[in-house]
Structure formats: C-alpha cells, structure tokens
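First the proteins, then the strands, lettered A, B, ... as listed; each starts at 1. From a predicted model like this one, the values you see are computed outputs, not experimental measurements. Note that these values count all heavy atoms, side chains included, but never hydrogens, waters or copies made by symmetry.
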Number of protein chains: 2
Amino acid sequence: MKATINDVARLAGVSKKTVSRVINRSPLLSDATRERVQTVIDELGYVPNPQARALALGRNFLIGLIHDNPNSQMVLGVQQGILDALHGTDFELVVRPVDRRSPAMLDDVRAFLERQRLFGVVLLPPISENDALARLCEESGCRYTRMGSAMLDTPDRMVASDDQDAVKAATEYLIAQGHRRIGLVEGPQGFRSAKERRIGFEAALAEAGIDLPKGYMTQGDYTFASGLEAARRLLDRSPRPTAIFASNDEMAAGVLHAARQRGLSIPEDLSIVGFDDTAIAAHIWPPLSTVRWPILQMAYSAAVKLIGDAGDDDGPGKQSRFPSALVRRASVAPPPQE
Amino acid sequence: MKATINDVARLAGVSKKTVSRVINRSPLLSDATRERVQTVIDELGYVPNPQARALALGRNFLIGLIHDNPNSQMVLGVQQGILDALHGTDFELVVRPVDRRSPAMLDDVRAFLERQRLFGVVLLPPISENDALARLCEESGCRYTRMGSAMLDTPDRMVASDDQDAVKAATEYLIAQGHRRIGLVEGPQGFRSAKERRIGFEAALAEAGIDLPKGYMTQGDYTFASGLEAARRLLDRSPRPTAIFASNDEMAAGVLHAARQRGLSIPEDLSIVGFDDTAIAAHIWPPLSTVRWPILQMAYSAAVKLIGDAGDDDGPGKQSRFPSALVRRASVAPPPQE
DNA sequence: TTGTAGGCGTTATCAC
DNA sequence: GTGATAACGCCTACAA
C-alpha cells in the first residue's frame, strides 16, 4: 500500500542503492539519475520508513529530553524550544523524566539509551550537572547537549546562561533602590544554579560593602511551598529585610504569599525579585520583577547542536552562552522610611 | 556487543522463533523450553531490539501526545499522567504539537502517524473535539484516546469530565453565598469545553431564577491576557458584578489582575472562581477557588486504554468519566453590602 | 557513477 | 511444540 524504496527503484529503472543515495544526498551521483529518481519519488509520494532506517543504521531519528525537574514551566519551555528546532526535520521528541535521587537512575538511563538508540538527548538541569550521566551518554554512543547555569562542558555539548552575572545585576538593582537588608531564598543544595545565584548575590553585596546579618540567607528547594516557608523565617527576623531575592519565580510567589499573609504590602513594605520569568511572574499581583532566562532560545540551540543544522552555522545554533536580562516589574520599590 | 535473539537461541539450543515465542508469551510452548530459554535470557541480560520489532511488526512502541493547547499547565499534567501509565512498560512518549488553524493540520498528522507507525495517540482538547482527526487516526491504523469535556466517542476511546455539572455546582456555590450579579468569562468559540461550561453556568442561574443583565457574559480565549481584557469589560458594567466565574484559571488570574488594577479587594469587593485547579490557582493571592479537573487520572486512564494494561481491568484504566470537584479557597466571600 | 550481495534483529508462514 | 525460511525496508561493502 505504501511505496517502498523497491517501488521507486523499479519505476525509475535503477537499483535500490541508487535510490538510497538520492535520499541520503550522496555526492557521487550524476545529476541526470538524481533528477529521474527524484521525479519518481515525488510522484509516488515516497517517504523512507524510519523503522527500517533505524534498524539498518542502529540509530533512531529521535531526540530525547531527559529531565528531573521541579519546575514545570521550565520543562515546557524547553520542549517548545526543542520542537521549534525539530520542526521540518525527520526528528521527533521523546520525553523521559527520571528520578534524580533513585540509585537506579543511571542504569535506567543507560537502558533507555541503549534500547531506544536515540540520535541524541538534551539534558536539563539539575540532572544536566551530573557528569556521570554525560559520560554515560557518550559511552552509549548518544550525542548530548547539556543545559545549565554555567559552562560545564565543551561548547559543542553545552548551552549555558550566566546566572551569577544575572543575579549580581538583579541584586545591584535592589541596592540601587536603596535596600540594605536584603534576604535571600537560595535554591537547593547540590544544584549548580543555586550556587551560581548565591555567588552572584553575595558578590553584589560585597561590592556595595553591605554586611548581611546572620539569618538573612535561607534555603528552599525551588518549590512554592519552600518559598513560603523560607519567607516566614526571613520575615521573623528583626529587623525585617526590606527586600528578598528568591532564586526562582515559584519560590518568589511563595514569598509574596507569605508577605500577604502577614498583611504586608508589596512593594511598599517589601520588594521581591525572582528568577526565570516563567508565566507566573507576570500573572501574580503585583507583577514580579525577575531575571529572564532565555529558555526557548537555549533549548532551540541545544537541539540544533544535536541535529547539526548545517543551514545556519552562524545562526542561533552556534551560540553556547546566553545572557539573562533583568525584567523590571512592580514588585520592587525603594524601602519604607524608618 | 549486545546480545541478540540469535545468541539466546544458540545458547539455549533452540530456534530464533522459539525465543521469539518466549518473549511474546506465546501459549503454545512447553514449560520446559520456556524456562530454559528464559534462563539464558536472564543470564545474557537480553532485551529485544525495539527498532527490529518495529520493522517486523509495522508498529512502533511509541505513544504520541497530539495537542494544540493554549494551556501549558494542562499539557504538562497530561504528560505526567501518561508517563505514569507508561512507566515500567516498553512504551515511550512522543510529543507532537500541531496547529489547529493550519489547513495542512490533518495532512501533517496523517504523515506523522503513517511515518512513525505509532502504537497509539492521546488527543488533547481542543483538538480532540475534531472528529475528522479521530477518523484519520483510525484510517491510519492508529489507536487513539480522546480527552474532553463531554463524551464525544465510545467509552473505549474516550476519557471525559463533566464540565457542565461542575460549573453548575460552582455557580450554585456563588449563588449560595448571596451573589446575584455574576459575570462570566467564557472560553473561546468552537471549544466544546467553553460551551459545556457556559451551559452549566446558565443552568445554575436559571434554576435560581436569576436573570442576568446583558453584558455580564463575555468571552476570552483561555489566556491570561484575554481574562484581563474580559474582566475590564465586566467591571465597567453598572451595576458591577459581585462575582465572576472564569472558564479557566489563567483567565481567572487575569480577572484578579484587572480587579487589583482598579483597587478592588478580593474577595471583599469581588469573588472569583476559576476552572482547572492548575498550579497558578493556589499560588496567586488570594488563593483561587476553582474546579479541579482530575487531569492526571484522566491522562493515566487515556494511556491505559491505549496500551491495554490487562493487569487492572477494574482499576483506574477502565474508567471513562471523571467527575470534577469544587475547591474552595479564599477568593470567594459573600457580596459587599449595598 | 552505479549495481550486487548481504546484514540489521525481529516476527510470520508453514511445514514437520 | 518446534524450526527452517522468508519477509520487513533500508544501508554498507565491495565489485564493476
């Protein structure tokens, strides 16, 4: 019912191999035959069977997205970016969540890669920070691109933002508004992004000569609930911080929640800055000042690095570092008079 | 390097076909051979190659998720539910967004299905409401499950909530609080969910004998921005509505935004109810009363219907109708005194 | 520049 | 019950 390479070969009066050469753009092929075969291909509406190719090549035309991520907005953004890059190609996207804490995680991924013979995978933070995982991909003969908050790998397999810089700038912005008592809701232990963001935060304070009291730095795990909890601790301090930087938007939303529960006005009594610029940032009230992670572009670039779109070597595909930008919204104001 | 069916056959002293029978749980097979072969399989850690199976069977071990959805939270929830169902099976999830408005949509999907030879697909609303699409899946020999707000297909290929009922209950709740001027932010034209929810809304009003003034029903497109716009129109009415039901949470967040911009207090001046119970509902301030769509369970069930988990015939897999529940949070209060 | 033979790892057919 | 043999549709080596 569906045309195969044999049908094309027969009708074009050539061998299967020649058709194969046309499909795979082999350079050693006369223009005449190429054209003749191509005509038949078009007439028949022939499309090579991916299953057969996968078997013959030992490689599937699938791109995997491997993640273990507490932030759903980010996962979706990445999917969107990858799909944009894959659009119009023969590749499809396979989603594979894993459990970072499971001792079987590496074995699971290995089994997955070896079974499915993926063409390549995109690794999302925080699991992208796991060097053993990257090594495993390589061993399994699977290309990979890691996404992260700092360069953890060679540029051809890495797409990175500079969180340290971005948070430094965000903190400087708070300082410029007059804030001196600035609380931090840090991300979870073991996350590179959490570390980078804290370093940026501390760097800004140090440069401004601000010496933070004990207890102004607290930790969350990138969830709303943890932001809520952390904010309660911070708001119990005396004197209270006049501004809080949360390491991601979800926790920032939690901070806002906690502040409201205490009857504080935002930004009059407390300024808040988040990180990521996910949808929630613009949708809560007041709109949240935050750092925009160019997630779509990063994911797009990650996918392009895998499938190697030769079409735009100087285009977005070649980029490895992506700067983040501060987005100023209504959640920041000068501190209240004392 | 990796064991194949031939290795197993040789070591077990049987033919390939016999090994194949063991893998596929063929009933006509002596227990003795089955056991012998199974031992070798375990020793070698043999796993059948999915690419080869796909070629031989003309069918891939992939489940597709086809969607064109304005609501990212929902897409993620569905992915989660499907992946839960697929966990521990040989199936993988392939994500395929499509453009509802493109004239080439159906052809694209057909090409996708015929090329990839998916085992089955889950269709998300609103595209799941497209009967031509369902027919196309069938023609392509691809199983499917549709998710939706009402039964649009036979129970074995449908997973449905009862939005009409749920919204009726939610509206009755507002009425019971004393509200009489209740605004509606309807979903977009052509969405079955929008229609069902409006019908439920109107039914509750009719039963309570409330005759809504013109202009209290307005339309959005399920986005935050459209909720904002619609709320502005509603709040311009005189007399102003004392409560607003928005057909999804994102629009409800927009309503809240618009109300705040006018300096209204929620819920003192205006009560708001949303629909979906996505993450944003609990994270905005005040927390949003909403209708919980059991999306994880529905998606789980949709996947089970595809892969036919015989393990739990009476379990969640068999279910086709899923009731929604009202979630009461702080965004609703009695109307202000006049 | 093109064609032939053989293989990728599995399942289906049909004898034994 | 079990096993040769031939698909499945494509690709690589090697030969011409």
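- Between the P atom of D/dA6 and the CG atom of B/L57 lies a distance of 21 Å, rounded to the nearest Å.
- Ring orientation note: the planes of A/Y222 and A/F191 are nearly perpendicular, at an angle over 60° on the 30°/60° scale.
- Here the P atom of nucleotide D/dC10 and the CZ atom of A/R117 are 19 Å apart, to the nearest Å.
- Across all strands shown, A/L55 has heavy atoms under 4.0 Å from base atoms, whether or not it also approaches the sugar-phosphate.
- For A/T18, the side-chain atoms get nearest to C/dT2 when compared with the rest of C/dT2, C/dG6, D/dT2.
- Between the CG atom of B/N6 and the P atom of D/dA4 there is a distance of 12 Å, given to the nearest Å.
- Closest contact between the side chain of B/S30 and the listed nucleotides D/dT12, D/dG9, D/dG1 involves D/dG1.
- Side chain of B/K16, nearest nucleotide from C/dG3, D/dG3, D/dA6: D/dA6.
- Picking from C/dT2, C/dC8, D/dT2 the nucleotide with the shortest atom distance to the side chain of A/A56 gives C/dC8.
- Within the 4.0 Å cut-off from OP1 or OP2 of D/dC11, at least one side-chain nitrogen or oxygen of A/S20 is found.
- Of the candidates D/dC8, D/dG3, D/dT12, the closest approach to any side-chain atom of A/K17 belongs to D/dT12.
- Whole-Å rounding puts the A/Y46 OH to D/dG9 C1' distance at 7 Å.
- Among the protein residues, B/I5 comes within range of the nucleic acid bases, having at least one heavy atom under 4.0 Å from a base atom.
- In terms of phosphate contacts, A/S15 brings a side-chain nitrogen or oxygen within less than 4.0 Å of OP1 or OP2 of C/dG3.
- Contact check for B/N60 versus A/Q51: side-chain heavy atoms found under the 4.5 Å cut-off.
- Taking atom CD1 of residue A/I23 and atom C1' of nucleotide D/dC11, one finds them 10 Å apart after rounding to whole Å.
- Under a 4.0 Å N-O distance rule, the pair B/R157/B/E138 qualifies as a salt bridge.
- For the pair B/R101 and B/D68, the salt-bridge criterion is not met [side-chain N within less than 4.0 Å of a carboxylate O].
- Here the OH atom belonging to B/Y144 is positioned 9.0 Å from the CG atom belonging to B/L133, to the nearest 0.5 angstrom.
- Between A/Q51 atom CD and D/dC11 atom C1' the separation is 16 Å, expressed in whole Å.
- Nucleic acid contact class of A/V14 (heavy atoms, under 4.0 Å, all strands): sugar-phosphate only.
- Distances shorter than 4.0 Å separate none of the side-chain N or O atoms of B/N49 from OP1 or OP2 on C/dC8.
- Distance, B/L28 CG to C/dA15 P: 17 Å, rounded to whole Å.
- Side-chain atoms of B/R34 stay outside donor-acceptor range of the base of D/dG1, with no qualifying N/O pair under 3.5 Å.
- With respect to A/R146 and A/D131, a salt bridge is recorded, a charged nitrogen being found less than 4.0 Å from a carboxylate O.
- Each of B/P50 and B/R21 lies near DNA chain C, and the nucleotide nearest B/P50 is the one positioned closer to the 5' end.
- Judged by closest nucleotide on DNA chain D, B/T33 is the one of B/T33 and A/R53 placed further toward the 5' end.
- Look at CZ on B/R59: it is 23 Å from P on C/dG9, rounded to the nearest Å.
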